[in-house]
Amino acid sequence: MSAIVYLNFDGNTEQAIEFYSEALNSSKVKKVKFKDFPQDPNYPLPEYESNMIMESSLEFAGGKIMMSDVLPSMKNVTGELVKGNNVLISIVIDDKQTMENYFSNLSVGGHVIMPLSKMPWSSCFGMLVDKFGVVWKFNSDADKFLDKVYSNKH
């Protein structure tokens, strides 16, 4: 299991990736855009949203930072994105029972944004805001899915 700093940006993640990867002398940079995943034909993304960064990561000095753009449509769910609430905690864990326990415990007094469920990039994904206003993102085996998508692009 790992807990990773996760930064959200308002459409400028691409620039943040360039800045942080150079500033931190990143050993490994990955990025996946929303268009890299099949879209729901009932809810197609506008072109400018499909070109936004869905998930990215920078590895440096034994650590990792993950980043993404927040789609305008998601701002209705997570609230207005401003400096300060653009940071969340991402838990990546393959033990689904432990993930469910953490998710359940952290959601007490808070608000579930997305219940734990299967997604194209993860066999189990969910998001919540805890009672202190901290946003948590949970992923099971997401690195494997994202590695596969990233490697298929090159």
Side-chain angles (χ1 to χ4, degrees), residues 1-21 26-60 63-81 85-107 110-130 134-154:
M1 180 186 104
S2 58
I4 299 167
V5 174
Y6 200 106
L7 304 174
N8 286 323
F9 292 92
D10 196 11
N12 60 342
T13 300
E14 194 91 47
Q15 292 87 357
I17 292 167
E18 290 174 26
F19 175 77
Y20 290 124
S21 65
S26 296
S27 58
K28 194 175 195 181
V29 178
K30 297 179 188 173
K31 61 182 174 182
V32 177
K33 295 185 177 190
F34 284 94
K35 69 181 177 183
D36 295 329
F37 283 96
Q39 301 296 310
D40 182 340
N42 297 317
Y43 303 99
L45 290 175
E47 187 173 342
Y48 73 95
E49 287 187 3
S50 68
N51 284 312
M52 290 179 160
I53 301 295
M54 183 184 133
E55 193 97 321
S56 68
S57 65
L58 304 175
E59 293 182 23
F60 65 99
K64 182 188 255 188
I65 295 176
M66 297 182 74
M67 296 175 271
S68 69
D69 285 313
V70 175
L71 295 174
S73 56
M74 283 298 293
K75 289 180 187 173
N76 296 333
V77 178
T78 59
E80 188 63 30
L81 181 69
N85 74 354
N86 62 327
V87 177
L88 58 86
I89 299 171
S90 179
I91 301 292
V92 179
I93 184 170
D94 288 336
D95 181 337
K96 289 197 174 112
Q97 185 59 55
T98 301
M99 179 191 291
E100 289 172 5
N101 291 342
Y102 288 163
F103 194 90
S104 176
N105 294 342
L106 288 167
S107 67
H111 170 73
V112 172
I113 297 171
M114 290 182 74
L116 292 174
S117 58
K118 184 174 170 56
M119 293 294 186
W121 63 88
S122 176
S123 65
C124 191
F125 173 85
M127 286 180 66
L128 63 87
V129 178
D130 70 19
V134 175
V135 179
W136 294 79
K137 183 182 277 194
F138 292 81
N139 263 304
S140 178
D141 59 34
D143 286 341
K144 296 172 197 161
F145 284 92
L146 293 172
D147 283 344
K148 182 178 177 184
V149 170
Y150 180 76
S151 65
N152 287 338
K153 288 175 47 185
H154 293 90

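On a predicted model such as this, the values are computed, not experimentally measured, just so you know. Atoms considered below: every heavy atom in the structure, side chains included; atoms not considered: hydrogens, waters and symmetry mates.
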(request) Evaluate the side-chain contact (heavy atoms from CB on, under 4.5 Å) criterion for residues Met52 and Leu71: first the C-alpha distance (whole Å), next the side-chain angles of each, then the deciding distance (0.1 Å), finally the verdict. (result) CA-CA 8 Å; Met52 290 179 160; Leu71 295 174; 3.7 Å; yes

(request) Start with the C-alpha gap between Met99 and Ile91, add the side-chain angles, then the distance that decides, and say whether side-chain contact (heavy atoms from CB on, under 4.5 Å) holds. (result) CA-CA 8 Å; Met99 179 191 291; Ile91 301 292; over 6 Å; no

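- Side-chain contact check for Glu55 versus Asn139: some heavy-atom pair is nearer than 4.5 Å.
- Contacts of Ser50 classified as side chain to side chain contact (heavy atoms under 4.5 Å, CB included), with partners at least two apart in sequence or in another chain: Lys35, Leu45, Glu47.
- Other residues, nucleotides and ligands place more than 12 heavy atoms under 6.0 Å from the CZ atom of Phe34.
- For the atom pair CZ of Phe138 and CE of Met127, the computed distance is 10.5 Å after rounding to the nearest 0.5 Å.
- To the nearest 0.5 angstrom, Lys137 atom NZ is 13.0 Å from Ile89 atom CD1.
- Ring pair Trp121/Phe37 is perpendicular by interplanar angle, where above 60° counts as perpendicular and below 30° as parallel.
- Closest approach of Lys96 and Ser123 over heavy atoms only: NZ-OG, 3.1 Å.
- With hydrogens and angles disregarded, no donor-acceptor distance shorter than 3.5 Å links the side chain of Asn12 to the backbone of Gln15.
- Nearest approach of Lys64 to Ile4, heavy atoms of both residues: O-CG2, 3.6 Å.
- Remark: side-chain polar atoms of Asp69 are paired, donor with acceptor, to backbone N or O of Thr13 under 3.5 angstrom.
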(request) Show your working on side chain to side chain donor-acceptor pair (under 3.5 Å) between Asn8 and Ser68 and close with a plain yes or no. (result) CA-CA 5 Å; Asn8 286 323; Ser68 69; 3.1 Å; yes

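- The nearest pair of heavy atoms linking Phe9 to Ala16 is CZ-CB, 3.7 Å.
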(message) I'd like to know whether Met119 forms a side-chain contact (heavy atoms from CB on, under 4.5 Å) with Met114, so could you lay out the CA-CA distance, the side-chain angles of the two residues, the decisive distance to 0.1 Å, and finally the verdict.
(response) CA-CA 11 Å; Met119 293 294 186; Met114 290 182 74; 2.8 Å; yes

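- To the nearest 0.5 Å, the span separating OG on Ser107 from OH on Tyr102 amounts to 14.5 Å.
- Rounding to the nearest 0.5 Å places OG of Ser122 at 8.5 Å from CG of Asp94.
- Looking at every heavy atom in both residues, Tyr20 comes nearest to Ser26 through O-OG, 4.1 Å.
- Residues satisfying the salt bridge (charged side-chain N to carboxylate O under 4.0 Å, His left out) criterion with Glu14, sequence neighbours excluded, are Lys31, Lys33.
- Of all the heavy atoms in Gly126 and Phe103, the pair that sits closest is C-CE1, 3.8 Å.
- Between the SG atom in Cys124 and the NZ atom in Lys118 there is a gap of 10.0 Å [rounded to 0.5 Å].
- Side-chain contact between Met67 and Ile53 is absent, with no heavy atoms from C-beta onward closer than 4.5 Å.
- Minimum interatomic distance between Leu88 and Val135 (heavy atoms only, all atoms of both residues): CB-O, 3.1 Å.
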